[in-house]
There are 2 protein chains.
Amino acid sequence: MPDIKHFDPDTALDTVVRLFWRQGVAATGIQDVVTATGLNRSSLYATFGGKQDLYLAALRRYVETHSAPAFQSLAEDGRGLPAVAAFFAGLIEVRCSGPYARWGCMVVNAHAGAENGDAEVRRVLDAHHHRLREALLAALRTARTRGQLSPKTDLDAAAELLAVLAYGVNLRSRAGADPADLRRTVSAALASLGAEPA
Amino acid sequence: MPDIKHFDPDTALDTVVRLFWRQGVAATGIQDVVTATGLNRSSLYATFGGKQDLYLAALRRYVETHSAPAFQSLAEDGRGLPAVAAFFAGLIEVRCSGPYARWGCMVVNAHAGAENGDAEVRRVLDAHHHRLREALLAALRTARTRGQLSPKTDLDAAAELLAVLAYGVNLRSRAGADPADLRRTVSAALASLGAEPA
DNA sequence: AGCATCCTGAAACGAGGGTTCCAAGATACG
DNA sequence: CGTATCTTGGAACCCTCGTTTCAGGATGCT
């Protein structure tokens, strides 16, 4: 029977994710991938296909390993508005400090590049947006049952608002925005949703 | 005395703006610029320098010809919240229909690419953010004096919130977001700022 | 052990990247 | 009209890009 792979594709893909996430697709050459992963071109192409396929695989893996867990925590957190606040607090922390500081969100970055012309990439973007919206909506529904929201708040519109706000936070963080500013911004948004009449 | 340029640098730069705006820097080759402008390489390099200089010049021109006028209208509009609403309405219109539909905002796009590593690009990004924030702040101040805002609203935080929201709108528009959704989102944000106690 | 099967390494490919160079053309002055 | 000065056209530069190819090595079955 055949020989077997001498490496772990998922581990290699994680390395590729970090490359594309930080530098973008266009600025990352196959040579960079080869150097970073330690694989050679043959194994790369045999396992993942060409560059575009590799990017798509990396983007999907990013969503599953980075976005999805945060969305799930948000949706399953039973606290309502505090859950949303915690979600954004964690987001800002990851974006502004630690190993991924100033990398932004790979999905958000994909919106701006030429890679969004690809139909499959576009689908990943839309799916990501939908999942984020749903997680926020779940938290807002909890908030409503707990009486944390102004009665006039439209839940769907508020969820979309917070989702779009998250995109903006991700984007600005990549340009070096002050995390304190971002926190203040999110606080203002949450306060306006929960604002009870004086 | 010398020969004189056989073309108008500003006109050419406008063409370059459209290229970089739509496709991004990385996906646009010098050959594309040559073809689109009708100039040849010699004139290009003699007038603008290399590709990075050209991109920087295009980015600055984008800010002056596309962003700044909108910011100024917003800041000088005396209506308060309706001025902010009109700003976002115009933004969504330009982003989702007409000749620039689905191009997003060139400055927002620059946040996500590798081009933001350049210090001069970063400065343009920060300046753009500052000007947007100031224009929104001016409109919000007017809104306050007109009694259109909830008394608890922090003007600075609200301006930053709306600025970040605008980034998100620009970003999502590039991925094909439904303009009706975007309008609803903006309405929710403005409503939450102006929400008077029931 | 032999063999079919797959994986690995490294070189090579053609295409296109950004940039430079120089001869030829166009201009405005003396 | 001649000349100095700049612009223009187009070819050429070298380098890196993504991709392919193929000989050699490793594996697991009979």
Side-chain angles (χ1 to χ4, degrees), chain A residues 1-60 110 113-121, chain B residues 1-59 109-110 113-121:
Chain A
M1 285 285 185
D3 192 358
I4 227 167
K5 276 189 205 321
H6 299 181
F7 65 96
D8 176 25
D10 277 342
T11 303
L13 198 50
D14 282 330
T15 302
V16 177
V17 165
R18 284 190 291 270
L19 277 180
F20 284 154
W21 182 5
R22 177 159 47 99
Q23 317 175 12
V25 209
T28 305
I30 292 291
Q31 182 57 47
D32 297 328
V33 175
V34 168
T35 303
T37 60
L39 314 185
N40 50 21
R41 291 171 158 73
S42 302
S43 304
L44 260 181
Y45 278 84
T47 308
F48 300 107
K51 190 187 186 184
Q52 187 67 15
D53 307 288
L54 181 59
Y55 173 69
L56 204 57
L59 188 63
R60 287 200 243 255
E115 54 263 31
N116 98 8
D118 183 296
E120 306 216 45
V121 171
Chain B
M1 284 279 188
D3 193 358
I4 229 167
K5 276 189 201 328
H6 299 182
F7 65 97
D8 176 25
D10 278 343
T11 304
L13 198 50
D14 282 331
T15 302
V16 177
V17 165
R18 285 191 291 270
L19 278 180
F20 285 152
W21 182 6
R22 178 159 46 99
Q23 318 174 9
V25 208
T28 305
I30 292 291
Q31 182 57 48
D32 296 329
V33 176
V34 168
T35 303
T37 60
L39 314 186
N40 51 17
R41 291 171 159 73
S42 303
S43 304
L44 259 181
Y45 278 85
T47 308
F48 300 106
K51 190 188 186 184
Q52 187 67 15
D53 307 287
L54 181 59
Y55 173 69
L56 205 58
L59 188 62
N109 297 346
E115 54 263 34
N116 97 8
D118 183 295
E120 305 217 45
V121 170

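None of these values were measured; they are calculated from a predicted model.
Picking from C/dT20, C/dG25, D/dT20 the nucleotide with the shortest atom distance to the side chain of B/Asp3 gives C/dG25.
A donor-acceptor contact under 3.5 Å is not formed by the side chain of B/Arg41 with the base of C/dT20. On a pure distance criterion of 3.5 Å, a polar donor-acceptor pair joins the side chain of A/Ser42 and the base of D/dT21.
Within residues 4-18 of chain A, the residues that have a heavy atom under 4.0 Å from DNA chain C are, in order of number, A/Ile4, A/Lys5, A/His6, A/Phe7. For residues 21-35 of chain A, proximity to DNA chain C is found at no residue, defined as any non-hydrogen atom under 4.0 angstrom from a strand atom.
The closest side-chain donor-acceptor pair between A/Thr35 and A/Asp32, if any, does not fall under 3.5 angstrom.
Separating the OH atom of B/Tyr45 from the C1' atom of D/dG9 is a distance of 16 Å, rounded to the nearest angstrom. Regarding B/Phe48, its CZ atom lies at a distance of 17 Å from the C1' atom of C/dG18, rounded to whole Å. Taking atom CG of B/Leu44 as the reference point, atom C1' of D/dG9 lies 13 Å away to the nearest angstrom. Separating the CG atom of A/Asn40 from the C1' atom of D/dG25 is a distance of 13 Å, rounded to the nearest angstrom. Rounded to whole Å, the distance from NZ on B/Lys51 to P on C/dT20 is 15 Å.
Rounded to the nearest 0.5 Å, atoms CG (A/Leu13) and CG (A/Leu54) are 6.5 Å apart. Taken to the nearest 0.5 Å, the CG atom of B/Asp53 stands 12.0 Å off from the OG1 atom of B/Thr47.
Residue-to-nucleotide proximity on DNA chain D shows that, of A/Gly49 and B/Leu39, the 5′-proximal contact is made by B/Leu39.
The closest side-chain heavy-atom distance from B/Phe20 to B/Val16 is below 4.5 Å. The shortest side-chain heavy-atom distance between A/Val121 and A/Gln52 falls under the 4.5 Å cut-off.
Every residue two or more places apart in sequence or in another chain was checked for a salt bridge (charged side-chain N to carboxylate O under 4.0 Å, His left out) with A/Arg18, and none qualifies. By the salt bridge (charged side-chain N to carboxylate O under 4.0 Å, His left out) test, A/Asp14 is found to be paired with A/Arg61, residues two or more places apart in sequence or in another chain being considered.
Residue B/Ser43 is classed as a sugar-phosphate contact, given heavy-atom separations below 4.0 Å to backbone atoms only.
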- Go through the steps for A/Thr37 and A/Phe7 under the test side-chain contact (heavy atoms from CB on, under 4.5 Å), then give the verdict. CA-CA 10 Å; A/Thr37 60; A/Phe7 65 96; over 6 Å; no
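Taking the charged nitrogens against the carboxylate oxygens, A/Glu120 and A/Arg60 do have a contact shorter than 4.0 Å, which makes a salt bridge.
Closest heavy-atom contact between A/Pro9 and A/Phe48: O-CZ, 3.7 Å.
One axis for each end of the helix from C/dA1-D/dT30 to C/dG30-D/dC1, each built from five base pairs, and the angle between them comes to 0° at 10° resolution.
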Please output the side-chain donor-acceptor pairs of residues 22-30 of chain A that fall under 3.5 Å, not counting sequence neighbours, one pair per line with the distance.
{"unit_1": "A/Gln23", "atom_1": "OE1", "unit_2": "A/Thr28", "atom_2": "OG1", "d": "3.2"}
{"unit_1": "A/Thr28", "atom_1": "OG1", "unit_2": "A/Gly24", "atom_2": "O", "d": "2.7"}

